[in-house]
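All remarks here apply to the structure that follows.
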Amino acid sequence: MSPVADSPPTHYGVILFPGFQALDVFGSVDILNVLSNTAPVRFSIIAATLDPVSTKVDDPTSQAIGQSVVPTHTFDNPPEDLEVLLVPGGKGTWELKSTERIVEFLRVTYPKLRYLLTVCTGSSLAARAGVLDGKRATSNKLRLERVMSVGEKVNWVAKARWVTDGNIWTSSGISAGIDMMYAFVSEVYGSDVAGDIAKKSEYIRNTDANDDPFAFLAR
């Protein structure tokens with residue numbers, strides 16, 4: 001089956017910050033890894049510096065473990081021709097001062113993108129940048145009230161696995177980003193492509209954006 005889009009995007013990127021949620025990133029990125037076996041995909045990792053970025057927030061009292069990822073680009077020297085940008089959530093999204101650079105990057109970069117995808121509380125960063133104003137969006141249900149407080153001009157959807165509004169896709173918490181990415185691949189490359197990746201990954205997809213079994217947790 002030919003791609004749904006006449007010319008699917010080829011250059012994807014993800015924003016990282018200390019305290020990003022691992023599955024927000026790796027769940028979606030692994031789908032792109034498999035996709036790249038059959039479709040041209042370039043991938044960039046963007047952060048404040050080129051130093052490894054940890055899934056842990058810098059907290060000496062925390063006993064949490066974490067993993068680190070090495071960026072390929074910085075906000076001051078971003079990749080050219082970026083077409084799709086993924087913004088994860090995580091504890092680090094609530095570090096308002098340190099994430100202001102991300103907010104500014106989103107504000108400047110969004111108009112140049114073909115698609116913007118956020119997972120979990122990553123939508124709070126997009127909301128702070130103003131790119132979700134007047135649009136429908138969702139986020140992690142356990143953090144929805146807090147996310148709504150930084151995006152009062154956003155039409156927040158409390159019950160949704162993911163939401164699509166124009167070229168912006170937002171998902172609910174953590175694992176919902178995987179279903180959103182499969183839906184995105186289905187939309188852009190074809191349902192058979194998304195289905196084949198899910199089969200190879202032995203993943204049972206939730207294909208209904210309105211089927212949100214965790215909506216009752218919204219607060």
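Along the sequence shown, residues carry numbers from 1. Values reported hereafter were calculated over all heavy atoms of this structure, with side chains retained and with hydrogens, waters and symmetry mates removed.
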Taking every non-hydrogen atom, the tightest pair across [X] and [Y]:
{"X": "P88", "Y": "I15", "result": "CD-O, 3.0 Å"}
{"X": "G13", "Y": "L82", "result": "N-CD1, 3.6 Å"}
{"X": "S186", "Y": "S191", "result": "OG-CA, 3.3 Å"}
{"X": "P71", "Y": "A47", "result": "CG-CB, 3.7 Å"}

Partner residues of [X] under the side chain to side chain contact (heavy atoms under 4.5 Å, CB included) criterion, sequence neighbours left out:
{"X": "D208", "answer": "N206, N210, D211"}
{"X": "K200", "answer": "V34, D196"}
{"X": "Y203", "answer": "I178, D179, Y182, S201, R205"}
{"X": "D51", "answer": "T49"}

Y110 atom OH, over 12 foreign heavy atoms within 6.0 Å |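 Counting other residues, nucleotides and ligands, OH of Y110 exceeds 12 neighbours.
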Would you call L86 and L32 a side-chain contact if the rule is heavy atoms closer than 4.5 Å?
->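 No, too far: nothing below the 4.5 Å cut-off.
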Min side-chain heavy-atom separation T99-T93 under 4.5 Å =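 In short, these two side chains do not touch, never coming nearer than 4.5 Å.
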Check: P9 main-chain N/O paired with E83 side-chain donor or acceptor under 3.5 Å |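 No.
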Under 3.5 Å donor-acceptor, T121 side chain and S124 backbone |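 Not a single qualifying donor-acceptor pair exists.
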Kindly compute the distance separating [atom1] ([X]) from [atom2] ([Y]), expressed to the nearest 0.5 Å.
{"X": "S175", "Y": "R161", "atom1": "OG", "atom2": "CZ", "result": "4.0 Å"}
{"X": "R42", "Y": "Y12", "atom1": "CZ", "atom2": "OH", "result": "12.0 Å"}
{"X": "I46", "Y": "L50", "atom1": "CD1", "atom2": "CG", "result": "11.5 Å"}
{"X": "S98", "Y": "F17", "atom1": "OG", "atom2": "CZ", "result": "9.0 Å"}

For S54, what residues pass the side chain to side chain donor-acceptor pair (under 3.5 Å) criterion, not counting sequence neighbours?
->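 Per chain and number, S54 pairs via side chain to side chain donor-acceptor pair (under 3.5 Å) with no residue.
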Would you please name every residue forming a side chain to side chain donor-acceptor pair (under 3.5 Å) with T55, sequence neighbours left out?
->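 Partners of T55 by the side chain to side chain donor-acceptor pair (under 3.5 Å) criterion come out as none, since no residue qualifies.
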Give every donor-acceptor pair under 3.5 Å between a side-chain atom in residues 131-140 and any protein atom, sequence neighbours left out.
residue : atom : partner : partner atom : Å
T138    : OG1  : K141    : NZ           : 3.2
T138    : OG1  : V157    : O            : 2.8
S139    : OG   : C120    : O            : 2.9
S139    : OG   : S123    : OG           : 3.0
N140    : OD1  : L142    : N            : 2.9

Residue pairs fulfilling salt bridge (Lys or Arg N to Asp or Glu O under 4.0 Å) with at least one residue in residues 91-104, sequence neighbours excluded =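 Matches after skipping sequence neighbours: D76-R101, E100-R128, E104-R107.
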Which residue pairs pass the salt bridge (Lys or Arg N to Asp or Glu O under 4.0 Å) test when at least one of the two sits in residues 144-157, sequence neighbours left out?
->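 Sorted pair list comes back empty.
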Sequence neighbours excluded - ring-ring contact (aromatic ring centres under 6.0 Å, His included) pairs with any residue from residues 43-102 |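 Non-adjacent pairs meeting ring-ring contact (aromatic ring centres under 6.0 Å, His included): F75-F105.
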Co-members of the apolar cluster containing V108 [side chain, <4.5 Å] =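 Besides V108, the cluster holds no residue at all.
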Pairs meeting criterion side-chain hydrogen bond (donor to acceptor under 3.5 Å, both in side chains) with involvement of residues 22-38, two or more places apart |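 Sorted pair list comes back empty.
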